[in-house]
Structure formats: structure tokens, C-alpha cells
Amino acid sequence: MLILAIDTSAVASAALVSDDAPESVLASFATEDTRSHAEVLAPGIAAMLAEAGVSGSDVDAVVVGVGPGPFTGLRSGIATARTLAYVWGKPLHGLMSLDAVALEVAESTAAVPEFVVATDARRKEVYWARYTLAPGQLPRLVDGPHVGFAADLPDLPAFGAGAGLYRDVLRADPDFAAEQPDALFLGQFALAKLTTGESLLDSTPLYLRESDAQVPGPRKRAL
């Protein structure tokens, strides 16, 4: 199975992941900028496909990170994933973006039985979720996702860029203090779930907040 994975919940990233590849990842890219998703995503995917010698017809499924994340960033990734899945006639699946960091933790020497993943939600808040991890198993989501203040998170080891921002109140792992969700790990997580027959989410975004943009109300009548 060949999966194109896309995530724009923080940075823009994409990856080609296959269960036929020796290391599962055929190609990937990720930016460091958290505000240029629309400009870099489509050209980056095109270049990545060309580098791997893969076309849309070769892809078996498209997987997209559905957040939580800010409106503009998530819309860019989800709209791109929906368009490619439609044009190529391929299945589209969603996966919570925080799962990507959770899998990266599980595959590292920092793995612990229970932990939280936190990313920057701005407004002095974090997006977060709580996971448990058993030997030889994928991380299991047990709570979340949520958005809130770092001081309100459980007293557990914390991983991700949100933990790094608030290391004064969280048990942040220094090796993961800048880590953002990456399509490479998102694709690997999705591949592992799909090959064992597990179902994934749809592509509905997890915004967790109301939009700042509001429809104007009726004009007040002048006296």
C-alpha cells in the first residue's frame, strides 16, 4: 500500500509511505515556517512525487492530518488532500495530527508508558492529547484532543513544541521541545492502522475553537 500523507496543522509537510519500501518512507518534506502552507504545499508535493518517480495513479490512499490546529493552516492541507483524492479517484482518510508526534515518541528512546503531546495553539494555550503506550503497540489515545492552558495539563511527561514553549509548568522532554506534527510519522501511523484493518477518521477538521471571522449582524437602524 502506498500512501500520500499531508499535514499542515503546524508546519507544511508531506510524505510518501509504503509497506513495500525497506524503511517505509519513499520521500518526504517539511517546512519550518508555520505560515506559508498554501504557497509551498502543492509545489512541494509535486516535487516529491517526481523525486520518487510516482504518479497519482500509483497512490492507494491519501491521508491528511485533521488537527487540531489553526483555521488557515488546516484548511490548506485538507483542501489539498481532498482535491488530490478526488482527481486521482483515491480513498481519503483523516488522522489526528497529534498522533504523529505520539508515534515519534513511541519509536524513540524517550518512550514512556503514559504521556501527553502538546502543540502551540497561540493565545497562550496549547492543543494537547493524552496517550498510553504498551511495548510493541501503537500509542493509544485516552484523552483529547483539547485546547487549554499548559498549567491545566496532567502531570505527565510532555512532548511537542507546545511543551517546549511552557517548560516552566510542563515536564517537557528537551529532545522534543520543538517537535511539530510531521506527515512522515502521520503516514506511518495511518499505514500501520490500515494494514491491520483499523478504520481512520474522515477529513473533518478538528478546529476546537470558534472562528475569529464572524458573519456581520444586521445594521442597526438609525433614529
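These figures come from a predicted structure and were not determined experimentally. Note that these values count all heavy atoms, side chains included, but never hydrogens, waters or copies made by symmetry.
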- Task: In sequence, state the C-alpha distance, the side-chain angles, and the governing distance for Phe189 and Val63, and then conclude on side chain to side chain contact (heavy atoms under 4.5 Å, CB included).
- Result: CA-CA 10 Å; Phe189 206 133; Val63 172; over 6 Å; no
- Query: For the atom pair CD (Gln180) and CZ (Phe185), what is the distance rounded to the nearest 0.5 Å?
  - Reply: 13.5 Å
- What's the spacing between Thr109 OG1 and Asp175 CG if we round to 0.5 Å? 7.0 Å
- Testing Arg140, Arg171, Arg130 for salt bridge (charged side-chain N to carboxylate O under 4.0 Å, His left out) with Glu114, which one passes? Arg130
- Got a salt bridge between Asp60 and Lys90, using NZ or NE/NH1/NH2 to carboxylate O under 4.0 Å? no
- Task: For Phe176 and Val105, run side chain to side chain contact (heavy atoms under 4.5 Å, CB included): C-alpha distance rounded to whole Å, both residues' side-chain angles, the deciding distance at 0.1 Å, then the answer.
- Result: CA-CA 8 Å; Phe176 285 79; Val105 172; 3.9 Å; yes
- Message: Between Leu16 and Leu49, is there a side-chain heavy-atom distance shorter than 4.5 Å?
- Response: yes
- Does Arg82 reach the main-chain N or O of Ala79 with its side chain, forming a donor-acceptor pair under 3.5 Å? no
- Measuring from Ile45:CD1 to Leu84:CG, what's the distance to the nearest 0.5 Å? 5.5 Å
- Item | Side chain Thr8, main chain Gly73, donor-acceptor under 3.5 Å | yes
- Asp173 (side chain) donor-acceptor with Phe159 (main chain) under 3.5 angstrom: no
- So, Ser13 side chain and Ala183 main chain: donor-acceptor pair closer than 3.5 Å or not? yes
- Query: Got a second to check how far Leu156's CG is from Tyr131's OH, nearest 0.5 Å?
  - Reply: 13.5 Å
